[in-house]
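Shown next, in structure tokens, is the structure this report addresses.
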Amino acid sequence: MNFPSVRERTCDCGTLRTGDAGKNVTLMGWVGRRRNLGGAIFVDLRDRGGVTQITFMQDQLPELHAQAETLRAEDVICIRGQVVSRGDNASERMSTGAIEVIASELHVISRSEPVPFPIADGTSANVDTRLQYRYLDLRRPEMLRNLTVRARTARAVRDYLDANGFMEVETPYMVKYTPGGARNFLVPSRINKGQFYALAESPQIYKQLLMVAGADRYFQIARCFRDEDPRGDRQPEFTQIDLEISFADMETVLRLVEGMVVAIWEQQDKYFQSSPLPRLEWSEAMEKYGTDKPDLRFGLEHVVLNDFAAACGFTVLRDAATRGDLVKGMRVPQSAEFFSRKKLDELTEWVKRQEIGPAKGLVWLKVKSPTELTGSAAKAFTPEETAGLIVRLGAEVNDTLFIVADEPKLTHKVMDNLRREIASQMKLTTPEQFAAEWVIHFPMFEKNDQGQWVSSHHPFTHPRPEDLDLLGTERQGEVKALAYDLVVNGNEVGGGSVRIFNPEIQQKVFDALGISREDCKDKFGFLLEAFRYGVPPHAGFAAGLDRIISLLCGQDSIRDVIAFPKTVTGVDRMTTAPTPVSRAQLTELGLL
RNA sequence: GGGGUGGUAGUUAAGUCGGUUAUAACGCCGGCCUGUCACGCCGGAGGCCGCGGGUUCGAGUCCCGUCCACCCCGCCA
């Protein structure tokens, strides 16, 4: 090949500064923007490290200059030259803007056809096009930066967990199929025709077996596979920071994980609004925010108004309270001016358009004085009720108040959506702001569509000890679990639980779920058997690495922090997977 | 599984009430230009208007179907 040995590359394109002036360097990279002024040609040479301006002067080296005229965007070239200060011509936009390299040699290593979209930050190409040419998309500095953040985060995780006595262990991706939970991808076995592995939806059972094995503290940056519909923040395969700790209780896990997450954020020079992280009881989160993953970057807390509603003269609220609906209010401080009549009407319409169900409507009120309200329902309240409502919501003059009364689930959801929508409209958050919290003591069980009890987390989750007596009773739904979620800016970034290690409690939970002994043996027999041979108390956690990185990178979609993601229909636009296979292959696998 | 938005040049978009030659910017090709850094100036090429059907004298535009992408609900830890 007609270019210097790749070993002669002296540095990357982001390193040279004024102090390097006079040095002879060899740079290799991709041609970015070219500025051909006739007698002088400027080329932005780019590699992962950054961009350096290369100059070709006609009056100095006419042949070289002529060669440089043939350069096109994304050609890979090697140049030799001398670093010179740009003096008054320095560019402030580039980190290397104070210098340039006057080329003395140019070697075209490989030519590029015109690229389908420009290799630059802030590209306006469609996701579809970007995914089809993912290798070009990744070439954009922004994307390489995302991948760098990802790599550094993974390293920070390993460093932190290693320093805290964790051992990294790999567990199988090809596992036994177990119904329930997420849908599994199936892998046919050629050797055992007609039989299948499943791709692991998480290392859950293996990590508990590792505890039985005495691994004590395990972690893994593990790929998980779930055959569910993807979303912007969900992919059929994704990565978890998975860990499990022996001789641990909830407190042990929360402290260790909190330390890890703070370390991850600090490694990117980012910090949480409050640290140590606040802890919210699940019931408290639902009451104040209507969701189990509240965004705590802003206030706008909900207040349950059922007792007020039940006694007030406004029939809509009173009837709702009598009916057993949930009545919630929310105060938006100093927003009377912000919420024009038009905005309030739009918000009312927006509430009715929610896809969660037929929300009955939105009551809005503005506080004129400590005893005076205006708005959609102001006249329905007596003066005492008005004053009482203002006190209940802690409202001040010029606040706007919103009230929703509906079925509890709907009220929570509508008020949660409203809270986030208003925060967004009023721009209550900034991109560099992070608020994380723990949400603890989730309900142990919930009812599915068929009215059967199912685990909210998974069947090995330990019930809160004081609720054990409720198992199997009418009040089973009130049982809380030693389960916890980590939430950042309203995103659930991870969760875990204390596991059951006592066979009697485990049996009670299986009974409560209506899982027969045969079923248990079939699905989890090996785990239950393992638990007969001495099992330490243990607890664990799993965090969504992709979501964490996308938060750190300020990306809306985890697609932008995964090197080769799939579309929302699970298709790899670059390779076109999945594809059909031949009949011969199907036959060999015993599928025909 | 349900709902929504979109698909026009290589890319990103405009295209009115259905009307005769489908626009623009960037990119590409050719020319000029020695301090640009989104270089500038002049000229040029480039179209299965996602695909299939229908309505109409006439469809990028209206209707039906379909494919693809994205967003939301369901689902999913």
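Protein chains get the first letters and strands the later ones, always in sequence-line order, with residue 1 at the start of each. Computed from a predicted model, the values in this text were never measured in an experiment.
In this structure U36(B) sits in no base pair that meets the Watson-Crick or G-U test at under 3.5 Å. When Watson-Crick and G-U wobble pairs are counted only if both distances are under 3.5 Å, A24(B) pairs with U12(B). Figure legend. G6(B) is base-paired to C68(B); pairs are counted as Watson-Crick or G-U wobble with both atom distances under 3.5 Å. For C49(B), there is no paired nucleotide, since no Watson-Crick or G-U wobble pair has both relevant distances below 3.5 Å. Pairing for C41(B) goes to G31(B), judged as Watson-Crick or G-U wobble with the two contacts each under 3.5 Å.
Spacing of P atoms, G7(B) relative to U11(B), comes out at 14 Å, to the nearest Å. Across G58(B) and C42(B), the matching C1' atoms stand 39 Å from one another, rounded to whole Å. With both ends at atom C1', the span from G35(B) to C29(B) equals 26 Å, rounded to whole Å. Across the C1' atoms, C64(B) and U12(B) are found 30 Å apart, a figure rounded to whole Å. With C1' as the reference atom, A22(B) and G47(B) are 9 Å apart, rounded to whole Å. Annotation: G18(B) and C62(B) have their P atoms spaced 8 Å apart (nearest Å). Taking atom P in both A59(B) and U21(B), the straight-line distance is 12 Å, to the nearest Å. Rounded to whole Å, the separation between the C1' atoms of A9(B) and U23(B) comes to 11 Å.
Both Gln53(A) and Arg33(A) lie close to RNA chain B; mapped to their nearest nucleotides by heavy-atom distance, the more 5′-ward contact belongs to Gln53(A). When each of Glu100(A) and Arg226(A) is assigned the nucleotide of RNA chain B bearing its nearest heavy atom, the one mapping closer to the 5' terminus is Glu100(A).
If you check every strand for non-hydrogen atoms under 4.0 Å, Glu492(A) touches a base. When heavy atoms are screened at a 4.0 angstrom cut-off, Asp128(A) is found touching the sugar-phosphate backbone but no base atom. Residue-level contact check: Arg34(A) touches the backbone only, with heavy atoms under 4.0 Å from sugar-phosphate atoms and none from bases. Counting non-hydrogen atoms under 4.0 angstrom, His458(A) reaches nothing in the nucleic acid.
Ring pair Tyr484(A)/Phe541(A) is parallel by interplanar angle, where below 30° counts as parallel and above 60° as perpendicular.
A distance of 7.0 Å separates CG in Asp467(A) from NZ in Lys480(A), rounded to the nearest 0.5 Å. Between the CE atom of Met143(A) and the CD1 atom of Ile119(A) there is a distance of 11.0 Å, given to the nearest 0.5 Å.
For Arg559(A), taking side-chain heavy atoms from C-beta onward, the closest of the listed nucleotides U34(B), C28(B), C71(B) is C71(B). Closest to the Thr129(A) side chain, of the nucleotides U11(B), A77(B), A38(B), is U11(B). Which of U11(B), C37(B), C75(B) sits closest to the side chain of Glu228(A) comes down to C75(B). For Phe117(A), the side-chain atoms get nearest to U11(B) when compared with the rest of A38(B), U11(B), A77(B). Distance from the side chain of Arg231(A) is smallest to C72(B) among C70(B), U34(B), C72(B). Across G74(B), C37(B), C76(B), the shortest atom-to-atom separation from the side chain of Ala182(A) is found for C76(B). The side chain of Ser91(A) lies closest to C37(B) when the candidates are A13(B), C37(B), C70(B).
Under the stacking definition used here (centres under 5.5 Å, planes under 30°), the residue Phe42(A) qualifies as stacked on the base of U36(B).
Looking at Arg234(A), its side chain comes within 3.5 Å of the base of C75(B) through a donor and an acceptor atom. The base of G27(B) is not paired with the side chain of Arg72(A) by any donor and acceptor separated by under 3.5 Å. Between the side chain of Asp229(A) and the base of G74(B), at least one donor-acceptor pair of N or O atoms lies under 3.5 Å. Put simply, the side chain of Arg86(A) and the base of U36(B) share a donor and an acceptor less than 3.5 Å apart.
Nucleotide C37(B) holds its C1' atom 13 Å from the CD1 atom of Ile54(A), rounded to whole Å. The CD-C1' distance, from Gln555(A) to C71(B), rounds to 17 Å in whole Å. The separation between Asn184(A) atom CG and C75(B) atom P is 18 Å, rounded to whole Å.
Taking the six-membered ring for Trp, Tyr135(A) and Trp30(A) have ring centres at least 6.0 Å apart.
In this structure, a donor-acceptor pair under 3.5 Å is present between the side chains of Thr252(A) and Asp249(A). With 3.5 Å as the limit, one finds no donor-acceptor pair spanning the side chains of Arg234(A) and Ser557(A).
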**OP:** Kindly determine whether Tyr177(A) and Tyr197(A) satisfy ring pair (Phe, Tyr, Trp, His ring centres under 6.0 Å), including the steps that lead there.
**Re:** CA-CA 6 Å; Tyr177(A) 169 77; Tyr197(A) 304 94; over 10 Å; no
